[in-house]
Amino acid sequence: MRRHWDCYATAVRMTFVEHLRNRLALVIIVVFIPVWAILIYALSLEIPLPFYVRAADTTVTMPAGVLNQLGGALQILALITGFMMFVTTMNSASFDRRLVRSGFPQMCLIAAKLTALVVVALCVALYATGLICLTHPTEQPLLLAAALAGGALIYGGIGIALAAVLTSDLAGLVLVTVICSIDLALQSPLATPAAAGVLVRYLPDYGPMQAAVAAVAMNTVPWNAVGPAVCWALGTIVLGISAFAGRTRAQGPVGAPVTAPANS
(Lines give C-alpha, C1' and ligand atoms only; values in the text may rest on other atoms or scores of the structure.)
Protein backbone atom coordinates (compact mmCIF):
# COMPACT_ATOMS: atom_id res chain seq x y z
CA MET A 1 0.00 0.00 0.00
CA ARG A 2 2.85 2.39 0.86
CA ARG A 3 4.44 1.72 -2.53
CA HIS A 4 1.21 2.63 -4.33
CA TRP A 5 0.88 5.88 -2.38
CA ASP A 6 4.48 6.76 -3.24
CA CYS A 7 3.88 5.90 -6.89
CA TYR A 8 0.71 8.02 -6.89
CA ALA A 9 2.58 10.99 -5.39
CA THR A 10 5.31 10.60 -8.00
CA ALA A 11 2.76 10.40 -10.83
CA VAL A 12 0.93 13.50 -9.57
CA ARG A 13 4.18 15.43 -9.38
CA MET A 14 5.14 14.42 -12.92
CA THR A 15 1.68 15.34 -14.22
CA PHE A 16 1.73 18.83 -12.73
CA VAL A 17 5.27 19.42 -13.95
CA GLU A 18 3.98 18.63 -17.44
CA HIS A 19 1.10 21.07 -16.96
CA LEU A 20 3.45 23.82 -15.80
CA ARG A 21 5.48 23.36 -18.98
CA ASN A 22 2.40 24.27 -21.03
CA ARG A 23 3.08 27.99 -20.82
CA LEU A 24 0.54 28.90 -23.48
CA ALA A 25 -2.29 27.46 -21.37
CA LEU A 26 -1.00 29.25 -18.26
CA VAL A 27 -0.90 32.58 -20.11
CA ILE A 28 -4.45 32.00 -21.36
CA ILE A 29 -5.63 31.29 -17.81
CA VAL A 30 -3.96 34.31 -16.23
CA VAL A 31 -4.49 36.86 -19.02
CA PHE A 32 -7.11 35.71 -21.49
CA ILE A 33 -9.86 34.68 -19.05
CA PRO A 34 -10.23 38.18 -17.50
CA VAL A 35 -9.83 39.91 -20.88
CA TRP A 36 -12.46 37.61 -22.40
CA ALA A 37 -14.87 38.01 -19.48
CA ILE A 38 -14.62 41.80 -19.39
CA LEU A 39 -14.68 42.43 -23.15
CA ILE A 40 -17.57 40.10 -23.91
CA TYR A 41 -19.59 41.76 -21.13
CA ALA A 42 -18.68 45.32 -22.14
CA LEU A 43 -19.13 44.93 -25.89
CA SER A 44 -22.41 42.99 -25.91
CA LEU A 45 -25.63 44.75 -26.79
CA GLU A 46 -27.49 46.16 -23.79
CA ILE A 47 -30.75 44.44 -24.62
CA PRO A 48 -32.78 42.05 -22.48
CA LEU A 49 -32.83 38.45 -23.71
CA PRO A 50 -35.21 35.72 -22.59
CA PHE A 51 -33.54 32.45 -21.64
CA TYR A 52 -35.58 29.32 -21.03
CA VAL A 53 -34.26 27.48 -17.98
CA ARG A 54 -35.76 24.17 -18.96
CA ALA A 55 -34.44 22.47 -15.85
CA ALA A 56 -36.61 24.80 -13.73
CA ASP A 57 -39.40 25.15 -16.32
CA THR A 58 -39.20 28.93 -16.26
CA THR A 59 -38.01 31.76 -18.47
CA VAL A 60 -35.70 34.44 -17.11
CA THR A 61 -34.82 37.73 -18.78
CA MET A 62 -31.17 38.72 -18.63
CA PRO A 63 -28.99 41.42 -20.23
CA ALA A 64 -27.30 40.14 -23.37
CA GLY A 65 -23.92 41.01 -21.89
CA VAL A 66 -24.42 38.76 -18.86
CA LEU A 67 -25.77 35.87 -20.92
CA ASN A 68 -22.90 36.13 -23.37
CA GLN A 69 -20.46 36.34 -20.49
CA LEU A 70 -21.73 33.08 -19.02
CA GLY A 71 -21.59 31.29 -22.36
CA GLY A 72 -18.17 32.76 -23.04
CA ALA A 73 -16.87 31.65 -19.63
CA LEU A 74 -18.04 28.09 -20.25
CA GLN A 75 -16.47 28.16 -23.69
CA ILE A 76 -13.06 29.47 -22.65
CA LEU A 77 -12.92 27.10 -19.64
CA ALA A 78 -13.82 24.17 -21.89
CA LEU A 79 -11.11 25.24 -24.33
CA ILE A 80 -8.45 25.69 -21.64
CA THR A 81 -9.17 22.48 -19.73
CA GLY A 82 -9.65 20.35 -22.82
CA PHE A 83 -6.47 21.68 -24.42
CA MET A 84 -4.39 21.31 -21.25
CA MET A 85 -5.48 17.71 -20.69
CA PHE A 86 -5.01 16.91 -24.38
CA VAL A 87 -1.48 18.31 -24.56
CA THR A 88 -0.17 16.76 -21.33
CA THR A 89 -1.71 13.36 -22.10
CA MET A 90 -0.39 13.33 -25.66
CA ASN A 91 3.11 14.57 -24.78
CA SER A 92 3.58 12.05 -21.98
CA ALA A 93 2.07 9.07 -23.84
CA SER A 94 5.33 7.34 -24.80
CA PHE A 95 6.87 7.97 -21.36
CA ASP A 96 3.74 6.64 -19.64
CA ARG A 97 3.86 3.48 -21.76
CA ARG A 98 7.49 2.89 -20.82
CA LEU A 99 6.66 3.38 -17.15
CA VAL A 100 3.82 0.85 -17.26
CA ARG A 101 5.89 -1.70 -19.18
CA SER A 102 8.63 -1.28 -16.57
CA GLY A 103 6.25 -2.15 -13.75
CA PHE A 104 4.90 1.24 -12.67
CA PRO A 105 1.24 0.79 -11.56
CA GLN A 106 -1.04 2.01 -14.32
CA MET A 107 -3.73 2.88 -11.77
CA CYS A 108 -1.39 5.44 -10.22
CA LEU A 109 -1.02 7.17 -13.59
CA ILE A 110 -4.79 7.12 -14.08
CA ALA A 111 -5.39 8.51 -10.57
CA ALA A 112 -2.84 11.27 -11.23
CA LYS A 113 -4.62 12.22 -14.48
CA LEU A 114 -7.94 12.42 -12.62
CA THR A 115 -6.39 14.48 -9.83
CA ALA A 116 -4.91 16.94 -12.31
CA LEU A 117 -8.21 17.22 -14.17
CA VAL A 118 -10.18 17.98 -11.01
CA VAL A 119 -7.62 20.49 -9.72
CA VAL A 120 -7.40 22.33 -13.06
CA ALA A 121 -11.20 22.40 -13.44
CA LEU A 122 -11.74 23.76 -9.91
CA CYS A 123 -9.00 26.40 -10.20
CA VAL A 124 -10.17 27.85 -13.51
CA ALA A 125 -13.83 27.68 -12.39
CA LEU A 126 -13.17 29.59 -9.16
CA TYR A 127 -11.09 32.16 -11.04
CA ALA A 128 -13.80 32.74 -13.65
CA THR A 129 -16.53 32.84 -10.99
CA GLY A 130 -14.71 35.60 -9.13
CA LEU A 131 -14.40 37.65 -12.32
CA ILE A 132 -18.09 37.23 -13.19
CA CYS A 133 -19.16 38.20 -9.67
CA LEU A 134 -17.09 41.38 -9.96
CA THR A 135 -18.96 42.49 -13.09
CA HIS A 136 -22.48 41.33 -12.24
CA PRO A 137 -24.36 40.46 -9.01
CA THR A 138 -24.77 36.70 -8.66
CA GLU A 139 -27.49 35.06 -6.59
CA GLN A 140 -25.61 31.77 -6.05
CA PRO A 141 -21.82 32.02 -6.50
CA LEU A 142 -21.22 28.43 -5.37
CA LEU A 143 -23.68 27.09 -7.93
CA LEU A 144 -22.00 29.20 -10.61
CA ALA A 145 -18.58 27.79 -9.65
CA ALA A 146 -19.98 24.25 -9.72
CA ALA A 147 -21.53 24.85 -13.16
CA LEU A 148 -18.28 26.18 -14.60
CA ALA A 149 -16.29 23.35 -13.02
CA GLY A 150 -18.74 20.82 -14.47
CA GLY A 151 -18.26 22.21 -17.96
CA ALA A 152 -14.49 22.13 -17.53
CA LEU A 153 -14.59 18.50 -16.36
CA ILE A 154 -16.66 17.48 -19.38
CA TYR A 155 -14.21 18.94 -21.87
CA GLY A 156 -11.20 17.82 -19.87
CA GLY A 157 -12.40 14.24 -20.36
CA ILE A 158 -12.89 14.95 -24.07
CA GLY A 159 -9.32 16.27 -24.23
CA ILE A 160 -7.91 13.10 -22.68
CA ALA A 161 -9.92 10.96 -25.11
CA LEU A 162 -8.74 12.97 -28.14
CA ALA A 163 -5.12 12.47 -27.05
CA ALA A 164 -5.54 8.74 -27.72
CA VAL A 165 -6.37 9.25 -31.41
CA LEU A 166 -4.62 12.51 -32.40
CA THR A 167 -0.92 13.33 -32.62
CA SER A 168 -1.00 17.08 -33.28
CA ASP A 169 -1.46 19.95 -30.82
CA LEU A 170 -3.19 21.98 -33.50
CA ALA A 171 -5.66 19.22 -34.33
CA GLY A 172 -6.60 18.86 -30.67
CA LEU A 173 -7.04 22.60 -30.21
CA VAL A 174 -9.18 22.91 -33.32
CA LEU A 175 -11.42 19.96 -32.43
CA VAL A 176 -11.99 21.11 -28.83
CA THR A 177 -12.72 24.64 -30.07
CA VAL A 178 -15.18 23.48 -32.73
CA ILE A 179 -17.03 21.11 -30.39
CA CYS A 180 -17.50 23.61 -27.54
CA SER A 181 -18.34 26.47 -29.95
CA ILE A 182 -21.14 24.49 -31.59
CA ASP A 183 -22.30 23.23 -28.19
CA LEU A 184 -22.71 26.71 -26.67
CA ALA A 185 -23.80 28.55 -29.81
CA LEU A 186 -26.85 26.29 -30.07
CA GLN A 187 -27.81 27.27 -26.51
CA SER A 188 -27.57 31.05 -27.04
CA PRO A 189 -30.89 32.79 -27.79
CA LEU A 190 -28.88 35.57 -29.44
CA ALA A 191 -27.32 33.11 -31.91
CA THR A 192 -30.24 30.84 -32.74
CA PRO A 193 -33.99 30.59 -32.08
CA ALA A 194 -33.47 26.88 -31.43
CA ALA A 195 -31.92 27.67 -28.04
CA ALA A 196 -35.20 26.88 -26.29
CA GLY A 197 -35.70 23.66 -28.26
CA VAL A 198 -35.77 20.14 -26.89
CA LEU A 199 -32.57 18.96 -28.61
CA VAL A 200 -30.34 21.25 -26.56
CA ARG A 201 -30.90 18.92 -23.60
CA TYR A 202 -28.53 16.43 -25.24
CA LEU A 203 -25.61 18.84 -25.65
CA PRO A 204 -22.58 18.37 -23.36
CA ASP A 205 -22.77 21.81 -21.74
CA TYR A 206 -26.57 21.87 -21.40
CA GLY A 207 -26.48 21.16 -17.66
CA PRO A 208 -23.65 23.62 -16.88
CA MET A 209 -25.27 26.40 -18.95
CA GLN A 210 -28.66 25.90 -17.30
CA ALA A 211 -27.07 25.91 -13.85
CA ALA A 212 -24.92 28.97 -14.64
CA VAL A 213 -27.93 31.03 -15.74
CA ALA A 214 -29.91 29.90 -12.70
CA ALA A 215 -26.98 30.80 -10.43
CA VAL A 216 -26.97 34.39 -11.72
CA ALA A 217 -30.70 35.04 -12.16
CA MET A 218 -32.50 32.72 -9.72
CA ASN A 219 -32.35 31.73 -6.07
CA THR A 220 -33.24 28.07 -6.63
CA VAL A 221 -31.11 25.17 -7.85
CA PRO A 222 -32.23 23.62 -11.18
CA TRP A 223 -31.81 20.03 -10.02
CA ASN A 224 -32.99 18.65 -13.37
CA ALA A 225 -29.82 20.06 -14.90
CA VAL A 226 -27.58 18.24 -12.44
CA GLY A 227 -28.26 14.78 -13.87
CA PRO A 228 -27.24 15.57 -17.47
CA ALA A 229 -24.16 17.47 -16.28
CA VAL A 230 -23.02 14.59 -14.05
CA CYS A 231 -23.71 12.01 -16.76
CA TRP A 232 -21.75 13.96 -19.36
CA ALA A 233 -18.85 14.57 -16.97
CA LEU A 234 -18.66 10.93 -15.89
CA GLY A 235 -19.14 9.71 -19.45
CA THR A 236 -16.37 11.83 -20.98
CA ILE A 237 -14.00 11.14 -18.08
CA VAL A 238 -14.58 7.37 -18.34
CA LEU A 239 -14.10 7.58 -22.12
CA GLY A 240 -10.89 9.55 -21.70
CA ILE A 241 -9.47 7.31 -18.98
CA SER A 242 -10.39 4.18 -20.95
CA ALA A 243 -8.58 5.57 -24.00
CA PHE A 244 -5.59 6.49 -21.85
CA ALA A 245 -5.53 3.05 -20.23
CA GLY A 246 -5.71 1.35 -23.62
CA ARG A 247 -2.89 3.45 -24.98
CA THR A 248 -0.59 2.86 -22.00
CA ARG A 249 -1.36 -0.80 -21.31
CA ALA A 250 1.66 -2.98 -20.77
CA GLN A 251 2.72 -5.09 -23.75
CA GLY A 252 5.40 -6.89 -21.82
CA PRO A 253 8.13 -5.99 -19.32
CA VAL A 254 11.15 -4.16 -20.65
CA GLY A 255 13.17 -3.96 -17.47
CA ALA A 256 13.10 -4.06 -13.72
CA PRO A 257 9.91 -2.82 -12.01
CA VAL A 258 9.80 0.90 -11.39
CA THR A 259 9.25 2.04 -7.84
CA ALA A 260 8.78 5.46 -6.38
CA PRO A 261 11.92 7.05 -4.92
CA ALA A 262 12.36 6.45 -1.21
CA ASN A 263 11.71 9.34 1.11
CA SER A 264 14.93 10.86 2.33
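For the numbers below, each heavy atom of this structure counts, side chains included, while hydrogens, waters and symmetry mates do not.
Atom CG in Asp57 sits 9.0 Å away from atom CG in Asn224 (nearest 0.5 Å). If you take CD1 on Ile237 and CG on Leu153, they are separated by 5.0 Å, rounding to the nearest 0.5 Å. Separating the CE atom in Met85 from the CD1 atom in Ile80 is a distance of 14.0 Å, to the nearest 0.5 Å. To the nearest 0.5 angstrom, Leu67 atom CG is 5.5 Å from Met62 atom CE. The CG atom of Leu109 lies 10.0 Å from the CE atom of Met107; values are rounded to the nearest 0.5 Å. Rounded to the nearest 0.5 angstrom, Leu234 CG and Leu239 CG are separated by 12.5 Å.
Side-chain N or O atoms of Asp183 include one that pairs as donor or acceptor with a backbone N or O of Asp205 at under 3.5 Å. Using a distance-only test at 3.5 Å, with no hydrogens or angles considered, a donor-acceptor pair links the side chain of Tyr127 to the main chain of Val30. Judged by distance alone, with hydrogens and angles left aside, the side-chain atoms of Gln210 form a donor-acceptor pair with the main-chain N or O of Ala55 at under 3.5 Å. Using a distance-only test at 3.5 Å, with no hydrogens or angles considered, a donor-acceptor pair links the side chain of Gln140 to the main chain of Thr220. A donor-acceptor pair is defined here as one N or O able to donate and one able to accept, closer than 3.5 Å; such a pair exists between the side chain of Thr236 and the backbone of Ile154. Under the 3.5 Å distance criterion, the side-chain polar atoms of Thr89 are left unmatched by any main-chain donor or acceptor of Phe86.
Connection of Phe104 to Phe95 is established within a shared hydrophobic cluster, with ILVMFWY side chains joined at heavy-atom distances below 4.5 Å, either directly or through further cluster members. Cluster membership for Val200 and Ile182, using ILVMFWY side-chain heavy atoms within less than 4.5 angstrom, is shared. By the criterion of side-chain heavy atoms lying less than 4.5 angstrom apart, applied directly or through intervening Ile, Leu, Val, Met, Phe, Trp or Tyr residues, Met14 is grouped together with Val100 in one hydrophobic cluster. Cluster annotation: Tyr202 is not connected to Trp232 through the hydrophobic network of ILVMFWY side chains, with a link wherever side-chain heavy atoms come within less than 4.5 Å. Val176 and Phe32 fall within a single hydrophobic cluster, where Ile, Leu, Val, Met, Phe, Trp and Tyr side chains are chained together by heavy-atom contacts under 4.5 Å.
In this pair, Trp5 and Tyr8 present their aromatic rings perpendicular. The plane angle is above 60°, beyond the 30 to 60° band.
Looking at Thr177 and Leu173, their side chains come closer than 4.5 Å, going by heavy atoms from C-beta outward. For the pair Tyr155 and Ile179, the minimum side-chain heavy-atom distance is below 4.5 Å. Taking 4.5 Å as the limit, every side-chain heavy atom of Leu166 sits out of range of all side-chain heavy atoms of Met90. Residues Val213 and Met218 form no side-chain contact, since every pair of their non-hydrogen atoms from C-beta on lies 4.5 Å or further apart. Proximity of Pro63 to Gln69: side-chain heavy atoms (C-beta onward) are nowhere separated by under 4.5 Å. A 4.5 Å side-chain heavy-atom check between Arg247 and Val165 finds every atom pair outside the cut-off. Under the 4.5 Å side-chain criterion, counting only non-hydrogen atoms from C-beta, Thr15 is not in contact with Thr115. The closest side-chain heavy-atom distance from Leu143 to Pro222 is below 4.5 Å.
Residue Leu117 comes nearest to Gly156 through the heavy atom pair CD1-CA, 3.6 Å, listed as atom of the first residue, atom of the second, then distance. Ser181 and Gln75 get closest at one heavy-atom pair: OG-NE2, 2.8 Å. The shortest heavy-atom contact between Leu70 and Ala212 is CD1-O, 3.8 Å. In terms of heavy atoms, Gly240 sits closest to Ile160 at O-CG2, 3.3 Å. Annotation for Ala152 and Val124: closest pair CB-CG2, 4.4 Å, computed over non-hydrogen atoms. Residue Pro204 comes nearest to Pro208 through the heavy atom pair O-CD, 3.9 Å, listed as atom of the first residue, atom of the second, then distance.
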key: Verdict with supporting geometry, Val66 and Ile132, side-chain contact (heavy atoms from CB on, under 4.5 Å)   = CA-CA 9 Å; Val66 177; Ile132 293 173; over 6 Å; no
- Query: side-chain contact (heavy atoms from CB on, under 4.5 Å) between Met84 and Ile29: does it pass, once the steps are laid out?
  - Reply: CA-CA 11 Å; Met84 287 183 69; Ile29 291 174; 3.8 Å; yes
Test side-chain contact (heavy atoms from CB on, under 4.5 Å) on Asp96 and Phe244 and set out the steps. CA-CA 10 Å; Asp96 290 338; Phe244 173 78; 3.4 Å; yes
Item to complete: For side-chain contact (heavy atoms from CB on, under 4.5 Å), just list the numbers for Leu184 and Gln187, CA-CA rounded to whole Å, side-chain angles, deciding distance to a tenth of an Å, and then say yes or no.
Response: CA-CA 5 Å; Leu184 290 161; Gln187 299 187 61; 4.2 Å; yes
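In the displayed structure, Leu142 atom CG is contacted under 6.0 Å by at most 12 heavy atoms of other residues, nucleotides or ligands.
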